[in-house]
Amino acid sequence: ENGSCLMTIDGASYSILVGESLWTANNSYYRTNPETYYSIYFINPIDGWEVTGTDGIKYRFGGTENSTQYIKNAFYTLNYRWDLSSIEDTHGNTINVAYQQSLYCSGFDFEAHPIYSVRSAYPELITYNDGDATIDFDMDFNRNDVYIDSSIPSNTSVVENGRLNAIRMWADNQLVREYNFTYNTTPYYPSIDYGGTYYAGEFVLLSVTENGSDGTSTLPSTNFSYTDLPITCKDSSEIAYNGNPGNLATLTHPYLTGI
């Protein structure tokens with residue numbers, strides 16, 4: 001359906017329209033709105049999309065096991081997002097992207113079959129020209145600031161729950177450098193507001209440390225400091241602020257105050 005899909009590329013998002021390509025009237029081809037002159041071809045739900053720019057660079061979205069996000073049970077699979085899986089320029093140079101996905105049982109169908117979904121996905125490995133250079137991302141999903149209510153599947157199908165621990169850069173299978181990250185996390189907490197609810201905790205970056213090619217020598221860390229400030233949103237005619245639905249009246253947010 002026209003306008004029901006979005007394509008994000010080069011830092012911008014566009015609605016895509018079916019069957020209105022400048023190159024063909026085939027319904028497998030799309031164009032952006034507003035027009036950007038990308039050739040957008042939908043291969044199929046499994047193999048994903050191929051996008052070609054006016055400079056000849058080809059982008060592939062989906063088409064690999066871990067670049068498609070989906071919901072599925074025993075009878076069907078619904079693919080709802082295709083992540084960037086490869087880029088190829090006009091000289092044959094390639095970039096391939098693999099992802100780490102967080103899978104979740106979001107409920108059961110009418111015959112008690114489990115319904116699985118990809119609730120988040122993050123880059124795990126970027127490979128240049130079949131391994132000339134690589135970047136790997138050390139991720140996990142062990143965050144206690146995110147509340148996941150398994151009794152409400154529709155609210156937990158998609159959630160940002162990843163934590164990036166390190167980035168490592170390699171050339172010809174030799175470590176070039178790595179960056180390590182530390183965080184401060186506070187757990188989610190219950191509240192009696194609005195008949196009972198949960199509020200997410202804080203998750204803030206504390207430091208970034210660069211290691212050399214030996215994996216042990218380090219440069220001084222870059223450290224970040226924050227101040228918790230209240231979030232308020234009230235009409236000037238209000239005598240007291242009692243909170244908006246979904247927010248505590250005393251809700252605070254960590255603001256970056258020093259590097």
Query raised in the report: Under 3.5 Å, side chain of Thr127 to main-chain N/O of Thr134, donor-acceptor pair present?
Result: no
Query raised in the report: Which pair of non-hydrogen atoms, one from Asn211 and one from Gly215, has the smallest distance, and what is that distance?
Result: ND2-O, 3.2 Å
Report task. Just do the side chain to side chain donor-acceptor pair (under 3.5 Å) check on Ser102 and Arg119 with the steps written out, would you? Result -> CA-CA 6 Å; Ser102 173; Arg119 61 182 179 183; 2.9 Å; yes
Requested in this report: Quick one: sort the Tyr122 and Phe141 rings into parallel, tilted or perpendicular, breaks at 30° and 60°.
Outcome: tilted
Query raised in the report: Is there a donor-acceptor contact under 3.5 Å linking the side chains of Gln69 and Asp83?
Result: yes
Query raised in the report: What class does the angle between the rings of Tyr29 and Tyr41 fall in, given that below 30° is parallel, 30 to 60° is tilted and above 60° is perpendicular?
Result: tilted
Query raised in the report: Does any donor atom in the side chain of Thr8 or Ser13 lie under 3.5 Å from an acceptor atom in the other side chain?
Result: yes
Requested in this report: Output yes when a side-chain donor or acceptor of Arg60 lies under 3.5 Å from a complementary backbone atom of Asp47, and no otherwise.
Outcome: yes
Report summary line: The side chain to side chain contact (heavy atoms under 4.5 Å, CB included) partner of Thr94 among Asn129, Asp132, Asp89 is Asn129
Report task. May I ask you to check whether over 12 heavy atoms, not counting those of Asp55, lie within 6.0 Å of atom CG? Result -> yes
Query raised in the report: According to the interplanar angle, ranging from 0 to 90°, do the rings of Tyr183 and Phe203 count as parallel (below 30°), tilted (30 to 60°) or perpendicular (above 60°)?
Result: parallel
**Report entry** Side-chain donor or acceptor of Gln100 paired with backbone N/O of Asp140 under 3.5 Å
**Finding:** no
Report task. Please indicate whether Leu78 has more than 12 foreign heavy atoms, meaning atoms of other residues, nucleotides or ligands, lying under 6.0 Å from its CG. Result -> yes
Query raised in the report: Just checking, is any N or O donor in the side chain of Tyr104 or Asn161 under 3.5 Å from an acceptor N or O on the other one?
Result: no
Query raised in the report: Does a sphere of radius 6.0 Å around CG in Asn173 hold more than 12 heavy atoms from other residues, nucleotides or ligands, not counting ones at 6.0 Å or beyond?
Result: no
